[in-house]
Peer 1: 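Quick one: the structure is below, and I'll ask about it shortly.
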Amino acid sequence: MAEEKDNVLMEKVVSLCKRRGFIFPSSEIYGGINGFWDYGPYGARMKRAVEALWWHEMVETRDNVEGLDSTIICHPRVWKASGHLDQFSDLMTDCRKCKSRYRVDQMEDPTTCPNCGSKDLTEPREFNLMMKTFVGPVFDEEHAAYLRAETCQPIFVDFHSVRVATRQKLPFGIAQIGKAFRNEINPRNFTFRSREFTQMEMEFFCDGEDGMKWFEYWKEQRIKYYREKLKFSDDFFRIYEHEKLAHYAKAAIDIEVKFPFGWGELEGVHHRGTWDLSQHSQFSGEDLQYVDHDNKRKLMPTVIETSVGLDRTILALLARGYEEDTAATQKEGMDEDVRIVLHLPPLVAPVQLAVLPLSKKLDENAVKLYTDLNRYFRCEYDVTGSIGKRYRRQDEIGTPLCLTFDFESAADNAVTVRDRDTMQQQRVNISELRSYIENAINR
RNA sequence: GCGAGUGUAACUCAGUUGGUAGAGUAUCACGUUGCCAACGUGAUUGUCGACGGUUCGAAUCCGUUCACUCGCUCCA
């Protein structure tokens with residue numbers, strides 16, 4: 001029952017995204033391509049806003065976190081060292097009779113289906129989640145390369161260069177926003193699991209003795225970010241503590257949010273120990289240990305990782321924000337009508353402020369106001385249709401504030417500011433407008 | 001990758017036994033109104049997911065394929 005309702009919500013969100021230009025299928029005129037999605041004008045704005053917010057929180061306001069923008073294609077040995085190439089090229093076989101699929105290395109008897117006992121199995125086939133390409137014009141194995149499956153590996157690879165260039169001492173972090181690619185067997189749930197996606201990752205390097213302390217610190221920082229910046233309420237997200245840890249990890253939590261299809265991972269905060277740098281030291285032959293001059297010792301830094309799925313963040317905000325409530329209408333024979341509204345956090349709303357003249361006759365003055373405010377906020381100007389209709393359009397794309405320039409505005413130097421969530425209006429003097437909006441957006 | 005379902009305008013959907021497509025909403029223009037999808041008049045929009053077959057004729061029947069949804073499987 002609840003599931004059915006949630007699927008309806010998901011469909012509505014997908015429909016809104018398409019209709020209003022947040023997200024649509026990639027290559028749609030050719031029939032689409034499974035697992036790839038394009039961000040339209042509003043989606044792109046929103047994505048940029050979330051990136052900017054994260055970058056500001058994680059890099060710009062911290063003296064001990066540096067930014068990086070590394071390549072998508074790295075030396076193939078990077079993925080040997082990380083384990084991606086070996087561990088994720090599993091041999092799989094399908095049972096033709098009961099349609100189950102198994103990893104060959106996990107089967108007691110690779111010739112018999114553990115489920116139905118049939119011997120009618122497909123030839124074992126290799127499944128690798130890394131996307132492959134070729135560097136150079138010759139397409140042979142010698143020139144094979146892979147698109148990065150996560151943005152963190154290049155951070156480890158560049159660790160030494162970043163440290164030297166910035167003269168950072170432990171503890172310090174390196175952050176990166178960028179695309180990652182995985183050949184997911186089955187992309188699902190809109191943009192939740194796609195084959196090309198954007199990650200926002202930060203690797204924090206510290207002395208192993210302080211590992212758990214920093215793990216707790218970053219966990220707390222990230223939770224705070226969701227609460228305070230993205231306005232997540234306690235019933236919308238939860239912390240999942242890993243009981244079964246990856247072979248290299250010392251501690252791990254996922255920050256999960258309530259998607260229409262169920263709880264899903266949004267961010268991982270992981271204590272990765274010294275595994276990554278050790279691996280790259282070993283495979284590259286470069287000593288990536290940190291030289292602690294103060295205490296005259298060398299140590300392999302321990303890594304605490306915070307890893308966010310940006311596309312998942314956008315999806316979570318859209319799905320959580322979607323609401324259909326009722327509002328007064330002037331339509332004949334009706335008192336109330338359905339209002340679709342996206343309750344997006346003002347910090348990341350694609351449009352933060354819409355400037356709407358009450359009448360076309362007021363166009364000139366209103367445009368001036370719009371041009372001025374557009375320097376400070378993400379603004380949109382709209383003069384078409386009735387004022388009510390324009391409010392509803394803005395509600396649907398999640399614009400927190402609408403500013404209406406009316407027939408008195410020129411005389412009293414004030415405009416009406418209308419709130420998306422409450423639909424309440426307030427008269428604000430134009431001279432105080434900027435600080436009023438700033439205050440409302442950052443609340 | 002397997003199984004089931006779905007695919008008609010930007011959106012939601014109708015389309016009778018095969019006779020080359022409609023509605024509402026949206027969008028645009030003009031008029032009117034002037035604070036919550038108002039009203040009137042008019043206009044635009046589809047290779048009916050794609051390809052192929054059967055047929056005099058296919059949105060409709062058949063095959064293949066692509067995409068989406070759900071269930072398996074996978075998810076470092």
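Lettering of chains follows the sequences in order, A, B, ..., and the numbering in each one begins at 1. Here the structure is a predicted model, which means the values were calculated and not measured.
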Peer 1: Tell me whether the side-chain N or O atoms of A:Glu184 pair up with the base of B:C75 as donor and acceptor below 3.5 Å, since no angle test is needed here.
Peer 2: no
Peer 1: Tell me whether the NZ or CZ atom of A:Arg312 lies within the 45° cone about the ring axis of A:Phe192 and under 6.0 Å from its centre.
Peer 2: yes
Peer 1: Under 4.0 Å between a side-chain N or O of A:Asn34 and OP1 or OP2 of B:C68?
Peer 2: yes
Peer 1: Let me know the distance between CZ of A:Arg193 and P of B:U69, rounded to the nearest Å.
Peer 2: 12 Å
Peer 1: Who pairs with A:Phe181 by ring-ring contact (aromatic ring centres under 6.0 Å, His included), at least two apart in sequence or on another chain?
Peer 2: none
Peer 1: Answer yes or no for A:Arg20 and A:Tyr42: cation-pi contact, defined as NZ/CZ to six-membered ring centre under 6.0 Å and angle to ring axis within 45°.
Peer 2: no
Peer 1: Quick one: A:Phe190 CZ to B:C70 C1', roughly how many Å, whole number?
Peer 2: 17 Å
Peer 1: From the options B:C35, B:C11, B:A37, select the nucleotide whose nearest atom is closest to the side chain of A:Lys18.
Peer 2: B:C11
Peer 1: Using whole Å, report how far NZ of A:Lys360 lies from P of B:C28.
Peer 2: 10 Å
Peer 1: Heavy atoms under 4.0 Å, any strand shown: does A:Gly35 hit a base, just sugar-phosphate, or nothing?
Peer 2: sugar-phosphate
Peer 1: For the side chain of A:Ala327, counting heavy atoms from C-beta on, which of B:C36, B:C68, B:C70 is nearest?
Peer 2: B:C36
Peer 1: So, is A:Asn189 near the phosphate of B:C70, with a side-chain N or O under 4.0 Å from OP1 or OP2?
Peer 2: yes
Peer 1: Please classify the nucleic acid contact of A:Asp406 as base, sugar-phosphate, or nothing, using heavy-atom distances under 4.0 Å.
Peer 2: base
Peer 1: Counting any heavy atom closer than 4.0 Å, what does A:Val14 reach on the DNA or RNA strands: base, sugar-phosphate only, or nothing?
Peer 2: nothing
Peer 1: Could you please name the option among B:C74, B:C11, B:C35 that lies closest to any side-chain atom of A:Arg19?
Peer 2: B:C11
Peer 1: How far does the P atom of B:A14 sit from the matching atom of B:U8, given to the nearest Å?
Peer 2: 10 Å
Peer 1: Using only modelled atom types and a 3.5 angstrom limit, is any donor from either the side chain of A:Arg182 or the base of B:C75 paired with an acceptor on the other?
Peer 2: no
Peer 1: Is A:Lys132 close enough and on-axis enough to A:Tyr146, meaning under 6.0 Å and within 45°, for cation-pi?
Peer 2: no
Peer 1: Kindly indicate whether a cation-pi arrangement holds for A:Arg222 with A:Tyr226, taking the cut-offs as under 6.0 Å to the six-membered ring centre and within 45° of the axis.
Peer 2: yes
Peer 1: Rounding to an integer number of Å, can you tell me how far A:Gln425 CD sits from B:C36 P?
Peer 2: 8 Å
Peer 1: Within this structure, what is the CH2-to-C1' distance between A:Trp263 and B:C75, rounded to whole angstrom?
Peer 2: 20 Å
Peer 1: Distance check, P atoms only: B:U60 and B:C74, in whole angstrom units.
Peer 2: 39 Å
Peer 1: Look at the side chain of A:Ser386 and decide which nucleotide, out of B:G34, B:C74, B:A38, has an atom nearest to it.
Peer 2: B:A38
Peer 1: Provide the distance between the two C1' atoms, one in B:U6 and one in B:U12, to the nearest whole Å.
Peer 2: 15 Å
Peer 1: Rounded off to whole Å, could you give me the NZ-to-P distance for the A:Lys12 and B:C11 pair?
Peer 2: 16 Å
Peer 1: On a whole-Å scale, what distance lies between the C1' atoms belonging to B:C48 and B:C36?
Peer 2: 38 Å
Peer 1: Out of B:C35, B:A29, B:G34, which nucleotide sits closest to the side chain of A:Lys361?
Peer 2: B:G34
Peer 1: Go nucleotide by nucleotide along RNA chain B from the 5' end; which of A:Val383 and A:Phe36 gets its closest nucleotide reached first?
Peer 2: A:Val383
Peer 1: For B:A21 and B:U45, measure between their P atoms and round to the nearest Å.
Peer 2: 14 Å
Peer 1: If we call it a pair only when both distances are under 3.5 Å in a Watson-Crick or G-U wobble match, what pairs with B:U54?
Peer 2: none
Peer 1: In terms of the nearest nucleotide of RNA chain B, which residue is placed more toward the 5' end: A:Phe407 or A:Thr384?
Peer 2: A:Thr384
Peer 1: Cation-pi between A:Arg320 and A:Phe236: NZ/CZ under 6.0 Å from ring centre and within 45° of the ring axis?
Peer 2: yes
Peer 1: Let's test this: given Watson-Crick or G-U wobble pairing with both distances under 3.5 Å, identify the partner of B:G71.
Peer 2: B:C2
Peer 1: Distance check needed: B:C35 P versus A:Leu362 CG, whole Å only.
Peer 2: 12 Å
Peer 1: Both distances under 3.5 Å, Watson-Crick or G-U wobble: report the partner of B:U20, or none.
Peer 2: none
Peer 1: To the nearest angstrom, how far is A:Arg390 atom CZ from B:U33 atom C1'?
Peer 2: 12 Å
Peer 1: Can you check the distance between B:U25 and B:C72, where both ends of the measurement are the P atom (answer in whole Å)?
Peer 2: 42 Å
Peer 1: Pick base, sugar-phosphate or nothing for A:Leu358, based on heavy-atom distances below 4.0 Å to the nucleic acid.
Peer 2: base
Peer 1: So A:Ser15, base contact, sugar-phosphate only, or nothing? Heavy-atom distance under 4.0 Å.
Peer 2: sugar-phosphate
Peer 1: Are any non-hydrogen side-chain atoms of A:Val351 and A:Ile397 less than 4.5 angstrom apart?
Peer 2: yes
Peer 1: Distance between the C1' atoms of B:C30 and B:A67, in whole angstroms?
Peer 2: 41 Å
Peer 1: Among B:C35, B:C36, B:C75, which nucleotide sits nearest the side chain of A:Arg418?
Peer 2: B:C36
Peer 1: Which whole number of Å gives the distance between the P atom of B:C28 and that of B:U44?
Peer 2: 16 Å
Peer 1: With both distances under 3.5 angstrom, what nucleotide forms a Watson-Crick or G-U wobble pair with B:C39?
Peer 2: B:G31
Peer 1: Just so I know, are the side chains of A:Leu403 and A:Val428 near enough to count as touching, which here means a heavy-atom distance under 4.5 Å?
Peer 2: no
Peer 1: Record whether the side chain of A:Arg188 comes under 3.5 Å of the base of B:C68 through a donor-acceptor pair of N or O atoms.
Peer 2: no
Peer 1: According to the Watson-Crick and G-U wobble definitions, with both distances under 3.5 Å, which nucleotide is paired to B:A9?
Peer 2: none
Peer 1: Taking any heavy-atom pair under 4.0 Å as a contact, classify A:Glu265: base, sugar-phosphate, or nothing.
Peer 2: nothing
